[in-house]
Amino acid sequence: MSTPAPPPPPSSPSSPSFSPSPSPAGPGLIGTRLRHLLEQLDGGVAAVYEDLGLPGFRPRWTPVALTVAAEGPMPIRDLARALGVTHSAASQTVAQMVKEDLVTLAPGADARQRIVRLTARAESLLPVLHAEAAATTAAVARFEAELSYPLGELVDEAVAALRKRPLRQRIAECADPR
């Protein structure tokens, strides 16, 4: 009589096969579940960059590079607006890109402005970034077709609803007044 093989080790959250069981807390862990989803999405794009010979290239850098390439040098404030992110988020991303020699910063007309420009290194990557962005856009469209509701539309609706009434206010409305 043979001994049964031991069960395989459980998947870790960083492995592609990790599949958390539905949370009994329902929407209470929405932030955790959204972070996991974002890790899967960004991880897939980062793996493509690695396959393309760009290890360490971060998915969040592509929209910056493509926007500056299309619009020309621009202040961080305008870049943030074009990307639909906060000034702080754009500034942090640009700072990372400066360290990687992808963009430079120069003073603007106003002493508070910093103008973002692509470096020659970033410009040399534009054909690869355009091709990857097109493939990612097509892949996301196919991914969304598998869902009961397009994820991009749902995210836009969620952001709009939270702009109208932030989660802090919603929590306060639901808090036990004891």
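One-based numbering along the sequence shown.
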| Under 3.5 Å, is there a donor-acceptor pair between the side chain of Thr67 and the main chain of Val64? | no
Residues Asp42 and Pro59: closest non-hydrogen pair is O-CG, 3.5 Å
According to a hydrophobic-cluster definition based on side-chain heavy atoms being under 4.5 Å apart (Ile, Leu, Val, Met, Phe, Trp, Tyr only), do Val103 and Leu105 belong together? yes
Is it the case that Arg114 and Ser91 place a side-chain donor and acceptor less than 3.5 Å from each other? yes
Is there a chain of hydrophobic side chains (I, L, V, M, F, W, Y, each step under 4.5 Å between heavy atoms) that links Val140 to Leu129?
no
### Message
For Thr104 and Arg117, which I'm curious about, is there any donor-acceptor pair between the side chains at under 3.5 Å?
### Response
no
Looking only at heavy atoms, the pair that brings Ala90 and Ile76 closest together is CB-CG2, 4.0 Å
With clusters defined by side-chain heavy atoms of hydrophobic residues (ILVMFWY) lying less than 4.5 Å apart, directly or transitively, does Leu52 cluster with Val45?
yes
Passes side chain to side chain contact (heavy atoms under 4.5 Å, CB included), Arg165 versus Glu173? Steps please. CA-CA 11 Å; Arg165 204 164 84 241; Glu173 292 166 358; 3.3 Å; yes
Can a side-chain donor-acceptor contact be found between Glu132 and Thr136 if the only test is distance below 3.5 angstrom? yes
TODO: Indicate, with yes or no, if Val98 and Leu54 share a hydrophobic cluster defined by side-chain heavy-atom contacts under 4.5 Å among Ile, Leu, Val, Met, Phe, Trp and Tyr.
DONE: yes
_Asp78 and Pro75, any side-chain heavy atoms less than 4.5 Å apart_ = yes
Here the pair of heavy atoms bringing Ala65 nearest to Leu126 is O-CD2, 4.2 Å
So CD of Gln92 and CE of Met97: to nearest 0.5 Å the spacing works out to 14.0 Å
The reported gap from CZ in Arg58 to OH in Tyr49 (rounded to nearest 0.5 angstrom) is 12.0 Å
Item to complete: Would you mind reporting whether Val128 and His130 have side-chain heavy atoms less than 4.5 Å apart?
Response: no
dist Thr93:OG1 -> Arg60:CZ (nearest 0.5 Å) comes out at 3.0 Å
Would Leu154 end up clustered with Val159 when hydrophobic side chains under 4.5 Å apart are linked, directly or stepwise? no
Side chains of Glu100 and Gln96 only: does a donor on one sit below 3.5 Å from an acceptor on the other?
no
d(Leu37 CG, Gln40 CD) to nearest 0.5 Å is 6.5 Å
Note: Ala133 and Leu66 closest approach over all heavy atoms is CB-CD1, 3.8 Å
Sidechain-backbone polar pair: Glu144 side chain, Leu151 backbone, donor-acceptor under 3.5 Å
yes
Here the gap from Thr86 atom OG1 to Arg81 atom CZ, rounded to the nearest 0.5 Å, amounts to 13.0 Å
For Arg121 and Asp101 the tightest heavy-atom approach is CB-O, 3.5 Å
Heavy-atom nearest pair, Phe57 first then Leu125, reads CE1-CD1, 4.0 Å
Here the gap from Leu147 atom CG to Arg142 atom CZ, rounded to the nearest 0.5 Å, amounts to 14.5 Å
